[in-house]
**Student:** 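I'd like to ask you about the structure that follows.
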Amino acid sequence: MSEEPIISQELESLLNVEFGPEIYEIEKGMVRKFAEAIDDPNPLWRQIAPPTFPAALVPTELWHKMTSAPCPLARFLNGSSELEYYQSIRVGDVISVTARLDKLRKMEGKEGTTLFMIMETTYKNQKGDVVARGRNTYIRY
Amino acid sequence: MAEPVFYEDLETGSEIPALVKYPTTMQLVKFAGASGDYYPIHYDRDFAQANGLRGVIVHGWLALSFLGQMITNWMGGSGILVKLSGSYRGMNFPGEDIICNGKVTRKYIEDNRHYVRLEIWAENIRGERTVSGSAVVMLPSRT
């Protein structure tokens, strides 16, 4: 029985390869729009990015490669997000984002196979300080 | 926005004030734009239904943002969020309340800094936990 592999060679080849840095200038309007989108009127967010702001600092090259790698599991979900913060991200900062695919895990369940893709992301500011780290699980099913 | 919360004011089991959010499809569009997440499952009803859902769903990150707001509203300006995490266990749909809750699970002092660990979760109107997570905050001490 010939089947398309769940974990394609393209996807597997991404494991533990560091992508980036991708550069994001943290503009006042970008932070304001994010705070408005999450409906959080806290005046702190006029100067400081809200806690989930790293959602907007996407490592786009790895993301694109990960999501366009062939896979017979067509449906996609965000599984989980973890963030650890060392410093605030402030308006005016320039954040460099690097990321790697840390792990791929297949699980068999009643409803079929699920593929977990775990990405680790590092966010550094213009001084070279690591301001945050993220670990995100994405699911194909 | 709120009175500062001190480390000594809390104990294991202390609940933090719940926050109720009401996401709309317009908010999902705003969040797509603000985050760059244009996955159609969040704004294209046909796409969502073709994926077996009854309608578009709230971004996991947006639901986690609501939990983040609950924490920062509660802490006030003198608390610092050190860790925030959430597993997106269930779907949230726009046009329904999302109820955010949290409680203290651990208090500890490390390097003379005062930390509180929280269990946080979001429930939909059917009482299902759609996001389960945790947070660690650093709080001022009265000592």
Side-chain angles (χ1 to χ4, degrees), chain A residues 22 24 27 29-60 63-64 67 73-89 97 111 116 118 131-141, chain B residues 1-2 19 21-24 26-42 47-48 50-53 57-73 75-77 80-91 131-138:
Chain A
E22 287 180 46
Y24 286 91
E27 301 152 328
M30 185 190 183
V31 176
R32 195 184 75 246
K33 286 280 187 199
F34 192 91
E36 283 173 7
I38 65 174
D39 186 34
D40 187 345
N42 193 328
L44 281 176
W45 316 141
R46 290 178 202 151
Q47 284 303 316
I48 295 173
T52 50
F53 187 76
L57 306 176
V58 182
T60 56
W63 179 256
H64 178 74
T67 53
L73 304 173
R75 293 179 294 181
F76 185 89
L77 280 178
N78 190 350
S80 67
S81 310
E82 286 177 37
L83 283 163
E84 187 158 2
Y85 308 93
Y86 308 101
Q87 286 184 47
S88 300
I89 293 175
V97 183
E111 295 177 31
F116 295 87
I118 298 163
V131 295
R133 290 190 203 279
R135 185 176 172 85
N136 294 283
T137 302
Y138 302 101
I139 295 170
R140 297 200 80 124
Y141 69 109
Chain B
M1 283 186 74
L19 179 70
K21 301 292 287 189
Y22 184 81
T24 59
M26 184 185 288
Q27 182 172 24
L28 302 197
V29 171
K30 287 189 189 180
F31 190 77
S35 65
D37 178 3
Y38 292 107
Y39 190 46
I41 216 161
H42 302 299
F47 184 89
N51 272 265
L53 300 169
I57 57 171
V58 176
H59 307 70
W61 274 116
L62 180 54
L64 189 61
S65 301
F66 297 156
L67 288 167
Q69 182 186 355
M70 173 186 70
I71 296 169
T72 52
N73 282 2
M75 278 199 300
I80 294 175
L81 184 61
V82 173
K83 284 189 196 177
L84 178 66
S85 69
S87 292
Y88 310 122
R89 299 203 185 283
M91 311 289 185
V131 184
S132 275
S134 63
V136 175
V137 301
M138 197 167 80

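As the structure is a computational prediction, the values presented were derived from the model and not from experiment. Proteins get letters first, then strands, A, B, ... in listed order; numbering begins at 1 in each. These values consider heavy atoms only, across backbone and side chains, with no hydrogens, waters or symmetry-generated copies.
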**Student:** Report the distance from atom CG of N78(A) to atom NE2 of H59(B), rounding to the nearest 0.5 Å.
**Tutor:** 10.0 Å

**Student:** Atom CH2 in W45(A), atom CD in Q69(B): separation rounded to 0.5 Å?
**Tutor:** 9.0 Å

**Student:** Pick from G79(A), S81(A), A35(A), A37(A): which one has the most heavy-atom pairs with chain B under 4.5 Å?
**Tutor:** S81(A)

**Student:** So which atom in F34(A) and which in S35(B) form the shortest heavy-atom distance, rounded to 0.1 Å?
**Tutor:** CE1-CB, 4.4 Å

**Student:** Between L83(A), L44(A), V31(A), T67(A), which residue shows the highest count of heavy-atom pairs closer than 4.5 Å to chain B?
**Tutor:** L83(A)

**Student:** Which atom names give the shortest non-hydrogen contact between M91(B) and L77(A), and what distance separates them?
**Tutor:** CE-CD1, 4.0 Å

**Student:** Pick whichever of A135(B), S65(B), G133(B), S134(B) has the most heavy-atom pairs under 4.5 Å with chain A.
**Tutor:** S65(B)

**Student:** How many angstroms lie between atom OG of S87(B) and atom CD of E82(A), to the nearest 0.5 angstrom?
**Tutor:** 7.5 Å

**Student:** Is there a side-chain contact between I80(B) and Y85(A) in this structure, where contact means two heavy atoms from C-beta onward sitting under 4.5 Å apart?
**Tutor:** no

**Student:** With only heavy atoms counted, which part of I71(B) is less than 4.5 Å from chain A, the side chain, the backbone, both or neither?
**Tutor:** neither

**Student:** Which heavy atom in K21(B) sits nearest to a heavy atom in I38(A), and how many Å separate them?
**Tutor:** NZ-O, 3.7 Å

**Student:** Could you look at L81(B) and say if it's the side chain, the backbone, both or neither that has a heavy atom under 4.5 Å from chain A?
**Tutor:** both

**Student:** Start with the C-alpha gap between N136(A) and W61(B), add the side-chain angles, then the distance that decides, and say whether side-chain contact (heavy atoms from CB on, under 4.5 Å) holds.
**Tutor:** CA-CA 11 Å; N136(A) 294 283; W61(B) 274 116; 3.3 Å; yes

**Student:** So, taking the atom named CZ in F66(B) and the one named CG in D39(A), what distance separates them when rounded to the nearest 0.5 Å?
**Tutor:** 7.0 Å

**Student:** Given that the side chain runs from C-beta out, which part of F76(A) has a heavy atom under 4.5 Å from chain B: side chain, backbone, both or neither?
**Tutor:** both

**Student:** Measuring only between side-chain heavy atoms, which start at C-beta, is N73(B) closer than 4.5 Å to D40(A)?
**Tutor:** yes

